[in-house]
Protein chains: 2
Amino acid sequence: MPRPTKNEPERGDARTRLLEAARDTIRAKGFAATSVDDLCRAAAVTKGAFFHHFGSKDALGVAAAEHWSETTSAFFAGAPYHAPDDPLDRVLAYIAFRKSIITDDPAEFSCLAGTMAQEVHASSPAIRDACGRSLFRHAATLEADIEEAMRDRGLSGEWTAASLARHTQTVIQGAFVIAKAGNDPALARESLDHLDRYMRLLFGRAAEDRAQ
Amino acid sequence: MPRPTKNEPERGDARTRLLEAARDTIRAKGFAATSVDDLCRAAAVTKGAFFHHFGSKDALGVAAAEHWSETTSAFFAGAPYHAPDDPLDRVLAYIAFRKSIITDDPAEFSCLAGTMAQEVHASSPAIRDACGRSLFRHAATLEADIEEAMRDRGLSGEWTAASLARHTQTVIQGAFVIAKAGNDPALARESLDHLDRYMRLLFGRAAEDRAQ
DNA sequence: CAATATACCGACCGAACGGTATGAATAGGC
DNA sequence: GCCTATTCATACCGTTCGGTCGGTATATTG
């Protein structure tokens, strides 16, 4: 079971490098337009290594979605938006955080799972489901805070915490699409402002104290 | 300038048939995964005909986006949601209409422009811009009604009619992504309900009288 | 009725595609 | 110190890709 050579200590992490290359390249070009050779070049591995670690290009797609789910889970778990005492503040801080990480390059800030799911939803159920799990698992991390904020205010009825959590992801995914179509990340931030406003209106929180 | 032959009267519409095939196939499989041969097969034309009408696959992509823009413009212009006297009612009727045309198959109800833009935003500026024009031109058709509804209620300040019109498209595009990822069109309808609720909260319209 | 332009047809091209077969290097278990 | 499993490397395969090209049929123009 040999991987790290004395002369080549970075040996053995070909799989990880391929997953990282997949994350970056697929976000930039899409899944179908990304060739196996593209990924091997970006990860500086050979085709033999690729098909040693992944049985097919589709299998790489599934693994990339799972890797995406794991790394983003860790990233958001460690983010500062969990700090506020009030649950609604945490939800609003989440939206503000999502807004703050939008940079100039869509390949940097957009979502691998959303991009791939949109592309392969009909042609590759395995990849689509892996992307769906990533997306809805992330959405679910908001549910507890939303639920608590609803209880605090005695809200209930037309909509559920789960539904609002999913809607948050809808707006975020849509924001990525619109930002790409308009070639302007500001369009994404603009919609996150509307999402923030929706939350405040739902929970009766004034807009004046919004963090800028 | 000959096209309709006596024996083959459907001759001459190869271009249109290719554009319709592009609309259907690209919505189902994406742009990169759709081959020129796929389109020729679906449109029952030869490769010679394809490259007679379109200089390249990219040119077909641009033409498909423009064709999409024209046909959807006509479709929405003729839709019944323009009937109400009150401008806010027209906006809410638009959202209800968008919800009503969501069927079981994403390839039927999703947006060609959004799908293509997400895929080619970095690799093909020409297609991306054609998709962007389609999207934002459609968004702009909502602006006048939103503006009028704002005037009616003396609303102004944090957000503009143009911004809210764009946000509407953000939610719709996001709804398509989430519906595909979750393999469930109901997820899209759910987010349109949240968008409806946001509009009512913004404009101080009660939710009880919502059409079902 | 010849000239011309349009609308196609279908065989073909080189490159790139996803995937495979074989084998070398390495390190841990015994 | 040998065996075995793992991690790659390299060369190659058949297919499909976007695109080209010479040719044909038809309708319009003068």
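Convention: sequence-line order gives letters A, B, ...; per-chain numbering from 1.
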Side-chain contact check for A:His53: nearest option of D:dC8, C:dG19, C:dC8 is D:dC8
Side chain B:Lys47 and base D:dG19 donor-acceptor under 3.5 Å | yes
Any side-chain donor near an acceptor of the partner, B:Thr25 and B:Asp38, under 3.5 Å = no
How long is the line joining CZ of A:Phe54 and P of C:dT20, in whole Å?
-> 15 Å
Go through A:Leu195 and A:Leu192 one step at a time and tell me if the side chain to side chain contact (heavy atoms under 4.5 Å, CB included) criterion holds.
-> CA-CA 5 Å; A:Leu195 178 60; A:Leu192 288 185; 4.2 Å; yes
Within the structure shown, what part of the strands sits under 4.0 Å from A:Thr46 by heavy-atom distance: base, sugar-phosphate, or nothing?
-> base
Rounded to whole angstrom units, what separation is found between the CZ atom of B:Phe51 and the C1' atom of D:dG22?
-> 17 Å
Any chance you could lay out the side chain to side chain contact (heavy atoms under 4.5 Å, CB included) test for A:Trp159 and A:His167, step after step, and finish with the verdict?
-> CA-CA 11 Å; A:Trp159 49 278; A:His167 179 62; over 6 Å; no
Interatomic distance, A:Phe31 CZ vs C:dG18 P [rounded to whole Å] | 9 Å
Distance in angstrom units between B:Arg41 CZ and C:dG10 P, rounded = 15 Å
From NZ of A:Lys57 across to P of C:dT20 the rounded distance in Å is 15 Å
Within this structure, what is the CG-to-P distance between A:Asp37 and C:dA15, rounded to whole angstrom?
-> 15 Å
Just how far, in rounded Å, is P of D:dT6 from CZ of A:Phe50?
-> 20 Å
Does a nitrogen or oxygen in the side chain of A:His52 sit under 4.0 Å from OP1 or OP2 of D:dC8?
-> no
In whole Å, what is the span from the CZ atom of A:Arg15 to the C1' atom of D:dA9?
-> 19 Å
Test: B:Arg189 and B:Asp193 ion pair at under 4.0 Å = no
Side-chain H-bond candidate by donor/acceptor type, A:Arg90 with A:Tyr94, under 3.5 Å = no
Ranking C:dG18, D:dC17, D:dC8 by distance to the side chain of A:Ala14, first place goes to D:dC8
A:Val45 has its side chain closest, among D:dA9, D:dG19, D:dC17, to D:dA9
